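Following: one structure in structure tokens, then a few remarks.
Note on naming: letters A, B, ... go to the chains in the order of the sequence lines (proteins, then strands), and numbering restarts at 1 for each one. Quantities reported herein were computed from a predicted structural model and do not represent experimental measurements.
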Amino acid sequence: MQLATSSASGLRLGLCCLFNSEPIRFRTTTAKALLALPRAGQLIKLSELCLHNAKSLQAALQALHRLGIGAFRIMSPLFPRMTHPDVGYGMDDLPDGDAILTTLETCRLFAQQQLIRLSFHPDQFVVLSSPSTQVVASSVQELAYHGWLAEKLGVDLINIHAGGVYGDKFAALQRLAEVFEDLPEPVKSRLTLENDDVSYTPQDLLPFCQKHQIPLVYDVHHHRCNPDQLTIEAATEQAAELWAAKGCEQYCHISSPKTGWGSPNPKPHADYITLDDFPDCWRSRTMTTDVEAKAKELAVRRLMSDLNILTANHCQH
DNA sequence: GCATGTCAAGTTGTG
DNA sequence: CACAACTTGACATGC
């Protein structure tokens, strides 16, 4: 891990990607729409979107500072379709490339000054354990994009799932290990693994993470949906040791089930976090926890209030 | 204007 | 065997 953003102690709650009430929006486009344009037209459109999104990120960080929120997950398509095989591009190709890079630098400095911890969570198409060399190759390319952007923005971690099982978890993790060793340094130094809600439990991942010195992002909602023999306390503590070994503040995820724990499918996320779902053993820790809730910054603020961790500077309504 | 269908990519589990 | 669910919109199209 490159840096430990924190000089603070205690719990830090993070927002995932989007805002509910704040007027901050990120734009995107599709490959199909781009392919209807000549190349020069594609690049003009992409340049506008990238500049807009970089400015939106800057506005997002300012809003987070105002709200007293100490962590932010940046959406992966900040620069839409950048690694697409047919319409992909580099900063040098964009008319506003210099302005975009300048804005990223402004964001990096602001986040550093205000101690806002940044993360990435590339989506489900990044699968390093796949038996398909094609899938692995495009995954590595996508991670390289995240690594490049992470260096520009001072992003702490790039968090992914272990991927598919393909009938043999051990063999799948073996493949993951081989790919991990050869990742470019900006990616390798930031890569973390997260337990998921269908395949890989904390117990599956912890020995692997220990062996390869990869921090585990412990998602307690996934653990409750996809349990193993570990208690929440034990999983939290063993994950904490991995972060400590890297000299980095621990990172976790929390969410509540939309339809309740007794419902047939507790996996979908609710608008807000039910305080009972927040593990007691997390309250006294120093760590970052992303709040995966549909009400976005409103849910983060409510949980901060419920946990009594609003700071004097940021108690505003 | 507003409603609706569509959007690069993987894997798993369900109907 | 086809399709929805993960993250979950936002955009493009057509009325």
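Heavy-atom contacts from other residues, nucleotides or ligands closer than 6.0 Å to CD of A:Gln134 number 12 or fewer.
Checking A:Arg66, A:Arg301, A:Lys296 one by one against A:Glu22, the salt bridge (Lys or Arg N to Asp or Glu O under 4.0 Å) holds for a single residue, A:Arg66.
Residue A:His146 contributes atom NE2, which lies 17 Å from atom P of B:dA9 at whole-angstrom precision. Regarding A:Leu128, its CG atom lies at a distance of 19 Å from the P atom of B:dA9, rounded to whole Å. Atom OH of A:Tyr166 and atom C1' of B:dT12 are 10 Å apart (whole Å). As rounded to whole Å, 12 Å separates atom C1' of B:dC7 from atom CG of A:Leu35. A:Leu176 has its CG atom 13 Å from the P atom of B:dT11, to the nearest Å. In this structure, A:Asp168 places its CG atom 12 Å from P of B:dT12, rounding to the nearest Å. Going from atom CG of A:Asp196 over to atom C1' of B:dG13 covers 13 Å, rounded to whole Å. Remark: C1' of B:dT11 and NZ of A:Lys169 are 14 Å apart, rounded to the nearest angstrom.
Base pairing annotation: B:dG10 forms a Watson-Crick or G-U wobble pair with C:dC6, both donor-acceptor distances under 3.5 Å. Nucleotide C:dA12 forms a Watson-Crick or G-U wobble pair with B:dT4, both donor-acceptor distances falling under 3.5 Å. Using Watson-Crick or G-U wobble geometry with both donor-acceptor distances under 3.5 Å, C:dC1 finds its partner in B:dG15.
Nucleotides B:dC7 and C:dC1 have their C1' atoms positioned 24 Å apart, rounded to a whole Å. The gap from the P atom of C:dT8 to that of B:dG5 amounts to 23 Å, rounded to the nearest Å. When the P atom is compared between C:dT7 and B:dT4, the two are found 25 Å apart, to the nearest whole Å. Taking atom P on both nucleotides, B:dG10 is separated from C:dG9 by 23 Å, rounded to a whole Å.
A:Val165 comes within contact range of the sugar-phosphate backbone alone, with a heavy-atom separation under 4.0 Å but no base atom that close. Across all strands shown, A:Ser132 has no heavy atoms under 4.0 Å from either base or sugar-phosphate atoms.
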Determine, step by step, whether A:Lys152 and A:Glu105 satisfy the side chain to side chain contact (heavy atoms under 4.5 Å, CB included) criterion, reporting the C-alpha distance in whole Å, the side-chain angles of both residues, the deciding distance to 0.1 Å, and the verdict. CA-CA 7 Å; A:Lys152 296 284 179 212; A:Glu105 176 66 3; over 6 Å; no

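Taking the six-membered ring where the residue is Trp, the centroids of A:His253 and A:Tyr218 are separated by 6.0 Å or more. Aromatic pair A:His221/A:His269: centroids less than 6.0 angstrom apart.
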Using a 4.0 Å heavy-atom cut-off, write out nucleotides 5-15 of chain C from 5' to 3' as B (base contacted by protein), S (sugar-phosphate only) or - (no contact). -BBS-SSS---

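A donor-acceptor contact closer than 3.5 angstrom is absent between the side chains of A:Thr83 and A:Gln141. A:Trp282 and A:Thr236 are linked by a side-chain donor-acceptor pair at a separation below 3.5 angstrom, with hydrogens and angles left out of the test.
Taking the side-chain hydrogen bond (donor to acceptor under 3.5 Å, both in side chains) definition, one finds that A:His146 meets it with A:Ser76, sequence neighbours left out.
Looking at the side chain of A:Val135, the nearest of the listed nucleotides B:dA8, B:dG10, B:dT12 is B:dG10.
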